[in-house]
Amino acid sequence: MAHWLFKSEPDVFGIDHLKAMPGKKDHWDGVRNYQARNMMRDQMVKGETAFFYHSSCPEPGIVGTVTICSAPYPDHTALDPTSKYYDPKATEDNPRWYMVDVRYKKKFNRVITLQELKETKGLEEMPLVKKGNRLSILPVSEKEWDIINGLV
DNA sequence: GCCAACGTTGGC
DNA sequence: GCCAACGTTGGC
């Protein structure tokens, strides 16, 4: 099974928000980038695990893990004119954007900072540590998954 | 708040 | 199909 990384701004929706949701799960809406959507729609499988990453905050880094607990399905916020994720080009027949549900799995006892990830041997090829990457959904290899879990 | 690095849009 | 303009992301 593949592994993933989900980025989110902790001020908007951090791992503690997810943990506080009913059933400790929520839908991961608002992905509005085609590359991220394609990975989500075409490759994600229920039961796979992912890192939860906090971005645009004082200490950017990986804060825990989540489980993908649904198959990909259309992101209905794209059809809602009152949503900040509304997309006038999305329709019922052609939803354009997709999402999955994620469930809180674990919060690490510390933040594995971006800085630390950059300095860790074996993670050099992670898109996350490379310059200019802005995708909110990223694939994580089995090797990288193990290395990062070993840092905690 | 700055700015680099993208991605998207739209005129041609 | 090119490409300039514009918008967004996200670390610092």
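To find a chain, count down the sequence lines: A is the first, B the second, and so on, and within it residues start at 1.
- For Trp97(A), the ring pair (Phe, Tyr, Trp, His ring centres under 6.0 Å) partners at least two apart in sequence or on another chain are Tyr34(A).
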Short heteroatom pairs, N/O only, protein and nucleotides 3-7 of chain B, under 3.5 Å:
residue : atom : partner   : partner atom : Å
dA5(B)  : OP1  : Lys131(A) : NZ           : 3.0
dC6(B)  : OP1  : Gly132(A) : O            : 3.3
dC6(B)  : O2   : Arg134(A) : NH1          : 2.9
dC6(B)  : O2   : Arg134(A) : NH2          : 2.5
dG7(B)  : OP1  : Gln35(A)  : OE1          : 3.2
dG7(B)  : O4'  : Arg134(A) : NH2          : 3.1

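- Of the listed residues (Phe13(A), Tyr53(A), Phe52(A), Trp28(A)), just one forms a ring-ring contact (aromatic ring centres under 6.0 Å, His included) with Phe6(A), and that residue is Trp28(A).
- We find that CG of Leu138(A) is positioned 14 Å from P of dT9(C), with the value rounded to whole Å.
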Sequence neighbours excluded and cut-off under 3.5 Å, please list the side-chain donor-acceptor pairs for residues 57-68 of chain A, or say none.
none

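- Rounding to whole angstrom units, NE2 of residue His54(A) and P of dT9(C) are separated by 17 Å.
- Scored by the side-chain hydrogen bond (donor to acceptor under 3.5 Å, both in side chains) test, Arg134(A) finds no partners at all (sequence neighbours excluded).
- Under the ring-ring contact (aromatic ring centres under 6.0 Å, His included) criterion, the residue pairs touching residues 71-93 of chain A are His27(A)-His76(A), with sequence neighbours excluded.
- Here Asp146(A) pairs with nothing under the salt bridge (Lys or Arg N to Asp or Glu O under 4.0 Å) rule; sequence neighbours left out.
- Sorted by residue number, the members of residues 107-120 of chain A with any non-hydrogen atom under 4.0 Å from DNA chain C read Leu114(A), Lys118(A).
- Phosphate proximity of dT9(C) to Lys7(A): absent, as no side-chain N or O sits under 4.0 Å from OP1 or OP2.
- Screening residues 128-152 of chain A for ring-ring contact (aromatic ring centres under 6.0 Å, His included) gives His3(A)-Trp145(A), Phe51(A)-Trp145(A) as the qualifying pairs, with residues at least two apart or on separate chains.
- Counting to the nearest Å, the P atom of dT9(C) and the CG atom of Leu5(A) are 16 Å from each other.
- Judged as a side-chain hydrogen bond (donor to acceptor under 3.5 Å, both in side chains), the pairs with a partner in residues 9-20 of chain A (not counting sequence neighbours) are, in order, Asp16(A)-Lys107(A).
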